[in-house]
Amino acid sequence: MIKKVHISTPFCHCSLRKLEAEKIRRYFVLNGYELVDSPEFSDYHLLVSCAVTRANIDNHIKYIEDINRDNPELIVMGCLPGTNPEELRHVFSGKALVTKDISDIDKLFPDFRIKYNEVPEV
């Protein structure tokens with residue numbers, strides 16, 4: 001059975017996070033996952049966050065509160081876990097990856113044969 005992943009970048013206007021999200025998409029596709037348009041149809045929901053403004057932070061926190069009740073496993077990535085870890089912990093106790101440690105995604109998916117650093121840059 002093919003596993004499915006939803007990768008979202010809501011409230012993100014940062015070109016670096018969008019490029020990162022695209023590389024993550026490639027990482028999952030190269031490892032046999034199907035990309036889906038909705039978290040409700042996925043096994044994993046990866047949220048790539050941007051915390052450049054207070055509005056972005058607040059929007060992401062609200063988004064996480066709203067979706068944290070859904071079925072797929074949520075993984076919060078990007079700037080938010082690094083810049084606002086306390087705020088994030090108040091609403092989310094799951095897996096999180098800081099931008100500078102993005103290649104640690106391999107630790108979350110140890111069975112992947114293609115490692116994150118082997119995926120070509122976008």
Side-chain angles (χ1 to χ4, degrees):
M1 183 165 159
I2 295 177
K3 292 222 174 192
K4 299 175 182 174
V5 64
H6 176 71
I7 301 165
S8 61
T9 57
F11 321 111
C12 185
H13 304 292
C14 174
S15 58
L16 292 175
R17 294 300 72 78
K18 288 184 178 190
L19 289 172
E20 185 175 86
E22 185 56 37
K23 185 173 179 178
I24 293 166
R25 284 182 184 92
R26 289 180 182 188
Y27 172 72
F28 276 89
V29 168
L30 288 169
N31 282 291
Y33 274 64
E34 179 183 341
L35 298 175
V36 294
D37 293 331
S38 175
E40 68 185 279
F41 301 115
S42 68
D43 297 295
Y44 295 97
H45 178 178
L46 280 66
L47 168 64
V48 180
S49 64
C50 173
V52 70
T53 66
R54 183 73 235 176
N56 276 26
I57 294 165
D58 293 342
N59 286 332
H60 282 305
I61 295 293
K62 174 85 171 95
Y63 183 83
I64 291 165
E65 287 176 324
D66 291 344
I67 64 167
N68 204 8
R69 299 174 196 96
D70 290 342
N71 254 347
E73 181 176 348
L74 175 64
I75 301 171
V76 178
M77 308 174 79
C79 298
L80 186 65
T83 60
N84 301 78
E86 297 82 23
E87 280 185 80
L88 180 59
R89 276 194 296 271
H90 285 312
V91 298
F92 179 70
S93 60
K95 297 173 185 169
L97 281 176
V98 179
T99 297
K100 69 178 183 69
D101 299 327
I102 191 67
S103 62
D104 285 350
I105 193 170
D106 291 330
K107 294 176 184 175
L108 300 179
F109 299 93
D111 295 337
F112 280 16
R113 55 184 177 78
I114 308 235
K115 301 305 177 193
Y116 184 79
N117 288 332
E118 296 172 341
V119 176
E121 295 296 326
V122 178

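Since we're looking at a predicted model, the values are computed, not measured.
- Separation of atoms OG (S49) and CD1 (I64) is listed at 7.0 Å; rounding is to 0.5 Å.
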Please lay out, stage by stage, how I102 and I24 fare under the test side-chain contact (heavy atoms from CB on, under 4.5 Å).
CA-CA 9 Å; I102 191 67; I24 293 166; 4.0 Å; yes

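- Hydrophobic cluster membership is shared by Y116 and L46, with clusters built from Ile, Leu, Val, Met, Phe, Trp and Tyr side chains linked at under 4.5 angstrom.
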Apply the test side-chain contact (heavy atoms from CB on, under 4.5 Å) to residues I105 and F28: give CA-CA distance (whole Å), side-chain angles for both, the deciding distance (0.1 Å), then the verdict.
CA-CA 11 Å; I105 193 170; F28 276 89; 4.0 Å; yes

Output, in order, the C-alpha distance, side-chain angles, deciding distance and verdict of side-chain contact (heavy atoms from CB on, under 4.5 Å) for V5 and V29.
CA-CA 9 Å; V5 64; V29 168; over 6 Å; no

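- One hydrophobic cluster, built from ILVMFWY side chains closer than 4.5 Å, holds both L108 and V119.
- In the hydrophobic cluster analysis, where Ile, Leu, Val, Met, Phe, Trp and Tyr join through side-chain heavy atoms closer than 4.5 angstrom, L47 is grouped together with I57.
- Summarising the geometry, atom CD belonging to E121 is positioned 9.0 Å from atom CZ belonging to R26; distances are rounded to the nearest 0.5 Å.
- By the neighbour-count criterion of 12 heavy atoms within 6.0 Å, atom NZ of K4 is sparsely surrounded, having that number or fewer from other residues, nucleotides or ligands.
- Minimum interatomic distance between L88 and P81 (heavy atoms only, all atoms of both residues): CD2-CA, 3.8 Å.
- The closest donor-acceptor contact from the side chain of S38 to the backbone of F41 lies at 3.5 Å or more, if one exists at all.
- Contact check on K23 versus E20 returns no salt bridge, with no Lys/Arg side-chain nitrogen under 4.0 Å from an Asp/Glu carboxylate oxygen.
- Rounded to the nearest 0.5 Å, atoms OG1 (T9) and CD (E22) are 10.0 Å apart.
- Ring orientation note: the planes of Y44 and Y33 are tilted relative to one another, at an angle of 30° to 60°.
- Counting only heavy atoms from C-beta outward, the side chains of R54 and N84 approach each other to under 4.5 Å.
- In this structure, I61 is a member of the same hydrophobic cluster as F11, with clusters built from ILVMFWY side-chain heavy atoms closer than 4.5 Å.
- In this structure, R25 contributes its side chain and I7 its backbone to a donor-acceptor pair below 3.5 Å.
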If you apply the rule side-chain contact (heavy atoms from CB on, under 4.5 Å), what do you find for H60 with V76, and how did you get there?
CA-CA 10 Å; H60 282 305; V76 178; over 6 Å; no

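- For the atom pair I114 CD1 and D106 CG, the distance stands at 11.0 Å (nearest 0.5 Å).
- Salt bridge absent: E65 and K62 never bring a charged side-chain N and a carboxylate O closer than 4.0 Å.
- Salt bridge absent: K3 and E73 never bring a charged side-chain N and a carboxylate O closer than 4.0 Å.
- The hydrophobic cluster containing L35 also contains I75, counting ILVMFWY residues as joined when their side-chain heavy atoms lie under 4.5 angstrom apart, directly or transitively.
- Using cut-offs of 30° and 60° on the angle between ring planes, the pair F109 and Y27 is perpendicular.
- Across every non-hydrogen atom of K115 and F112, the tightest pair is NZ-O, 2.7 Å.
- At distances below 3.5 Å, at least one donor-acceptor pair connects side-chain atoms of N31 with backbone N or O atoms of R113.
- In this structure, T83 contributes its side chain and A51 its backbone to no donor-acceptor pair below 3.5 Å.
- Within the model, atoms NE2 of H6 and CG of L74 stand 10.0 Å from one another, a figure rounded to the nearest 0.5 Å.
- Heavy atoms only, all atoms of each residue included: S42 and P39 are closest at OG-O, 2.7 Å.
- The distance from the OH atom of Y63 to the CG atom of N59 is 11.5 Å, given to the nearest 0.5 Å.
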